[in-house]
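Read through the structure below, which is laid out as structure tokens, and then see the notes.
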Amino acid sequence: MHFFNVRGEHILKIFVLKKKVFFLGIVIAVFSALTLFISVSRAGEKKIPIYSVERTDTKIALTFNCAWGDEDINSILNTLEKNKIHATFFVVGTWAEKYPEALKKIYAHGHEIGAHSYNHAHYQKMSRNEISADLEKCDRAIENVIGSDIHLVRGGYGEYNNDVIDLCENSGRTYIQWSLDSLDYKAASVNDILNRLKKAQNGDIILMHTGTDFTNAALADVIAILGENHEFATISELIYPDSFKIDS
């Protein structure tokens with residue numbers, strides 16, 4: 001059917017044009033909504049650090065958090081040296097200031113050093129600027145003792161958020177978590193630690209601590225059991241710093 005206005009002018013083409021404009025408007029609106037949704041989703045996406053590494057070999061990493069005493073450092077270092085193992089030690093800044101000789105020994109034995117916040121801070125309760133200042137302060141405390149730059153980070157209590165990950169990425173640092181916790185700081189016995197760690201798989205990052213009642217007592221057995229199927233590496237030897245992706 002054809003339509004004419006009061007002047008007898010044909011208006012069918014105008015009607016069709018309006019339908020096209022209407023349809024185009026819907027397409028634009030839907031596309032805009034999807035774009036906004038994706039942007040919001042990405043903005044709200046939780047960033048994840050490295051917990052473990054997918055590897056084709058048998059490498060795993062022993063890591064130690066240094067936040068308490070230094071009374072077991074010599075024994076831990078002797079056990080690692082006897083077994084020709086290099087580990088990664090995440091050091092609290094105040095620990096470095098309080099026990100500089102212990103830190104020097106760790107570094108002199110060829111172990112890798114990372115930061116563990118300046119005073120075992122709760123990063124999730126701090127502002128971005130406060131976190132940035134804490135990272136810098138911790139690095140300075142450690143570097144003043146060992147005379148070398150560090151680039152690995154593990155927050156106090158293992159806490160992190162997007163600000164922490166962003167700050168690390170933007171400053172050339174790498175945030176490291178763990179995939180297997182020994183719970184050595186509260187274990188009821190050496191066997192408790194061994195039962196947890198014997199589950200280790202290739203690419204795992206193992207969390208242990210210095211200044212505890214159980215770590216040194218269990219360490220030789222941990223190395224013996226895990227060494228049957230795994231090769232020990234530092235974090236830098238385990239991860240792929242130049243090319244990797246996080247599988248969240």
Side-chain angles (χ1 to χ4, degrees), residues 41-53 60-70 87-99 103 106 111-143 145 149-187 193 196-197 199-200 203-212 214-215 234-236 238-239 241 244-248:
S41 297
R42 288 178 177 173
E45 183 180 357
K46 182 177 176 62
K47 294 194 172 184
I48 306 296
I50 296 174
Y51 279 81
S52 63
V53 181
I60 58 176
L62 278 179
T63 70
F64 297 85
N65 287 357
C66 300
W68 301 316
D70 73 334
T88 303
F89 290 75
F90 288 92
V91 179
V92 170
T94 53
W95 193 93
E97 294 172 344
K98 187 175 182 179
Y99 304 111
L103 178 54
I106 295 171
H111 299 292
E112 186 171 41
I113 309 297
H116 193 36
S117 79
Y118 179 71
N119 59 357
H120 216 257
H122 282 284
Y123 279 166
Q124 290 181 345
K125 298 180 180 180
M126 298 165 63
S127 70
R128 186 180 180 92
N129 288 340
E130 289 172 335
I131 295 167
S132 179
D134 187 88
L135 289 170
E136 292 292 336
K137 191 173 183 180
C138 183
D139 284 1
R140 286 196 301 270
I142 295 171
E143 290 165 1
V145 174
D149 294 341
I150 59 174
H151 64 276
L152 299 179
V153 175
R154 175 179 287 163
Y157 312 96
E159 290 185 357
Y160 66 89
N161 54 28
N162 284 6
D163 283 338
V164 175
I165 305 302
D166 280 339
L167 287 167
C168 287
E169 291 176 349
N170 294 337
S171 60
R173 299 177 173 96
T174 303
Y175 192 101
I176 303 295
Q177 284 289 84
W178 59 87
S179 52
L180 195 55
D181 190 347
S182 68
L183 293 180
D184 51 355
Y185 61 95
K186 65 176 184 179
I193 297 173
R196 292 185 64 82
L197 298 190
K199 305 171 186 177
D204 269 342
I205 297 173
I206 296 171
L207 172 62
M208 302 188 81
H209 298 77
T210 64
T212 73
F214 300 101
T215 303
T234 64
I235 290 296
S236 289
L238 186 75
I239 65 176
F244 68 91
K245 66 176 182 178
I246 299 295
D247 182 358
S248 60

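Counting begins at 1 with the first residue of the sequence. The analysis underlying the following values was restricted to heavy atoms, covering all of them including side chains, and did not include hydrogens, waters or symmetry mates.
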Once rounded to the nearest 0.5 Å, what's the spacing between atom [atom1] of [X] and atom [atom2] of [Y]?
X	Y	atom1	atom2	result
Asp184	Leu207	CG	CG	6.5 Å
Asn119	Lys137	CG	NZ	7.0 Å
Glu112	Ile150	CD	CD1	10.0 Å
Ile60	Leu197	CD1	CG	8.5 Å
Ile205	Asp181	CD1	CG	12.5 Å
Cys138	Glu143	SG	CD	9.0 Å

Kindly write out the residues that satisfy side chain to side chain contact (heavy atoms under 4.5 Å, CB included) with [X], not counting sequence neighbours, or none if the list is empty.
X	answer
Phe89	Phe64, Cys66, Ile76, Leu77, Leu80, Ala87, Val91, Ile106, His111, Ile113, Thr210
Ser171	Arg173
Tyr160	Lys46, Ile48, Pro49, Tyr51, Val164, Ile165, Tyr175, Gln177
Asp70	Ile73, Trp95, Tyr99, Ala102

Minimum heavy-atom distance between [X] and [Y], given as atom pair plus value:
X	Y	result
Ile142	Ala115	CD1-CA, 3.9 Å
Tyr118	Val92	O-CG1, 3.0 Å
Met208	Thr215	CE-CG2, 3.8 Å
Val145	Ala96	CG2-O, 3.8 Å
Ala121	Met126	CB-SD, 3.7 Å
Ala141	Gly93	CB-O, 3.7 Å

So, using salt bridge (charged side-chain N to carboxylate O under 4.0 Å, His left out) as the criterion, who are the partners of Glu169 when residues are at least two apart?
Lys47
By salt bridge (charged side-chain N to carboxylate O under 4.0 Å, His left out), which residues pair with Asp134, not counting sequence neighbours?
none
For [X], side-chain hydrogen bond (donor to acceptor under 3.5 Å, both in side chains) partners two or more places apart:
X	answer
Asn65	His116, Arg154
Lys98	none
Gln124	none
Arg128	Asp163

Step-by-step side-chain contact (heavy atoms from CB on, under 4.5 Å) determination, Asn161 to Tyr123
CA-CA 8 Å; Asn161 54 28; Tyr123 279 166; 5.7 Å; no
Taking the side chain as everything from C-beta on, heavy atoms only, tell me whether [X] gets closer than 4.5 Å to [Y].
X	Y	answer
Thr174	Ile50	yes
Trp178	Leu180	no
Ser182	Arg196	no

Could you tell me how the ring of His122 sits relative to the ring of Tyr157: parallel (under 30°), tilted (30 to 60°) or perpendicular (over 60°)?
parallel
So, does Asp204 use its side chain to make a donor-acceptor pair with the main chain of Ser52 at under 3.5 Å?
no
Kindly say whether Thr94 contributes a backbone atom to a donor-acceptor pair with the side chain of Glu97 at under 3.5 angstrom?
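Not a single qualifying donor-acceptor pair exists.
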Please assess Phe90 against Val153 for the test side-chain contact (heavy atoms from CB on, under 4.5 Å), listing each intermediate value before the final yes or no.
CA-CA 7 Å; Phe90 288 92; Val153 175; 5.9 Å; no
Going by ring pair (Phe, Tyr, Trp, His ring centres under 6.0 Å), name the residues that satisfy it together with Tyr185, two or more places apart in sequence or in a different chain.
His209
